[in-house]
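Every chain is numbered from 1, with letters handed out A, B, ... down the list of sequences.
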Protein chains: 2
Amino acid sequence: MSDLVERLRKHRWRMTPQRRVIAETLDGAHVHYTADEILDRACARMPEISRATVYNTLNEMVALGEVLELNFDGRSKRYDPNVEHDHHHLICEGCGITKDVHTVADPLDWLPGDERHGFAVTEASITFRGLCPECRRGEHRRS
Amino acid sequence: MSDLVERLRKHRWRMTPQRRVIAETLDGAHVHYTADEILDRACARMPEISRATVYNTLNEMVALGEVLELNFDGRSKRYDPNVEHDHHHLICEGCGITKDVHTVADPLDWLPGDERHGFAVTEASITFRGLCPECRRGEHRRS
DNA sequence: ATCTTAGCTTAGACTCTGTCTAAACAAAGA
DNA sequence: TCTTTGTTTAGACAGAGTCTAAGCTAAGAT
């Protein structure tokens, strides 16, 4: 069921119970959690799991290239098990919820040569911001 | 000389010596500093200035809409006195230097309705990443 | 001039994320 | 079973930023 677990296995990475819980928590989510949200959810299934393990494991998954680390609000990082290259992110200014989205064009093509300042530009990602349906009606508190 | 100081005045915002030093530091820069870098530079001109004042002042400028708060590395925020709406950012993966750039089209138009998940999408910004000319030849250390 | 009041600045304590350390704990091969 | 290597843990630590309570300053009212 968990595609991420499969992908991690391929790296000959030792799959421990802790790592499995973390990977499954990540992979099952339709939104991108912060490390602490993942810790909470992992704790629900395995109460003895430690904060250090969650942080270590997330960093290792990022290093293996199987998880993306996102950073939008300047506070906490969020983790995205979708490493497909051509996707972007939509963030709610109200509650911080983060979703993957796809655009109709590749933004790399839209930066003219004379705006590149001699850089070798290799990547472009778009951050869309707005209010999610819940936050549009009623006020919501940022978690 | 300082355009930002002028813009802030227009908000009937009390211009104190501390705020002037901070605004001039920000506005004189051709790259985007972190709060601590601004503190260092402000201290060079006014050694008694406090950290709290720098942070408060930057947040107020952001709230007034005259300065943009940027966040790329997940560590520290950077401040951009250019609030012109339609610009984006180009960041060097080597040294972290950050420049303003312009694209040929507005990315808001590239997100189809069925990718909006019911959000009211109001803003889109692109982060371009690559290597700056200095970092392309020779190795450079991230500051 | 001076008083009053609102707003600004300050030092330092605090919070929140995230990292590091050292010790205890598994697991796999010899 | 022993050894080696890798994993997990609690808690100490670090960096960035916020908050608090006190003192200070400036502008308008008298």
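A/Val62 is listed as a side-chain neighbour of A/Tyr79, based on a closest heavy-atom distance under 4.5 Å.
To the nearest angstrom, C1' of C/dG18 lies 10 Å from CD of A/Glu69. One can place CG of A/Leu58 at 9 Å from P of C/dG18, the figure rounded to the nearest angstrom. B/Arg20 has its CZ atom 16 Å from the C1' atom of C/dC8, to the nearest Å. In this structure, the CZ atom of A/Arg12 is 15 Å from the P atom of C/dA28, given to the nearest Å.
Relative orientation of the B/Phe128 and B/His88 rings is perpendicular, given thresholds of 30° and 60° on the angle between their planes.
B/Arg41 is linked by a salt bridge (Lys or Arg N to Asp or Glu O under 4.0 Å) to nothing, counting only residues two or more places apart in sequence or in another chain. Taking the salt bridge (Lys or Arg N to Asp or Glu O under 4.0 Å) definition, one finds that A/Glu60 meets it with A/Arg19, sequence neighbours left out. For B/Phe72, the ring-ring contact (aromatic ring centres under 6.0 Å, His included) criterion is met by B/His89, not counting sequence neighbours.
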Candidate pair B/Lys77 and B/Leu58, rule side-chain contact (heavy atoms from CB on, under 4.5 Å), full reasoning: CA-CA 10 Å; B/Lys77 295 172 185 167; B/Leu58 289 170; over 6 Å; no
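Note on the helix from C/dA1-D/dT30 to C/dA30-D/dT1: angle between the axes of the first and last five pairs equals 10°, rounded to 10 degrees.
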Per-nucleotide protein contact along nucleotides 9-16 of chain C, 5' to 3', at a 4.0 Å heavy-atom cut-off (B base, S sugar-phosphate only, - neither), is SBB-B---
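Annotation for A/Arg129 and A/Leu90: closest pair N-CD1, 4.5 Å, computed over non-hydrogen atoms. Shown here for A/Val67 and A/Val83, the closest heavy-atom pair between the two residues is N-CG1, 3.6 Å.
Here CG of B/Leu111 is found 10.0 Å from CG of B/Asp109. Values are rounded to the nearest 0.5 Å.
In the model, A/Asn82 has no side-chain atom that pairs as donor or acceptor with a side-chain atom of A/His32 under 3.5 Å.
Taking a heavy-atom distance under 4.0 Å as the criterion, the stretch of DNA chain D touched by chain B extends 5' to 3' from D/dA16 to D/dA26.
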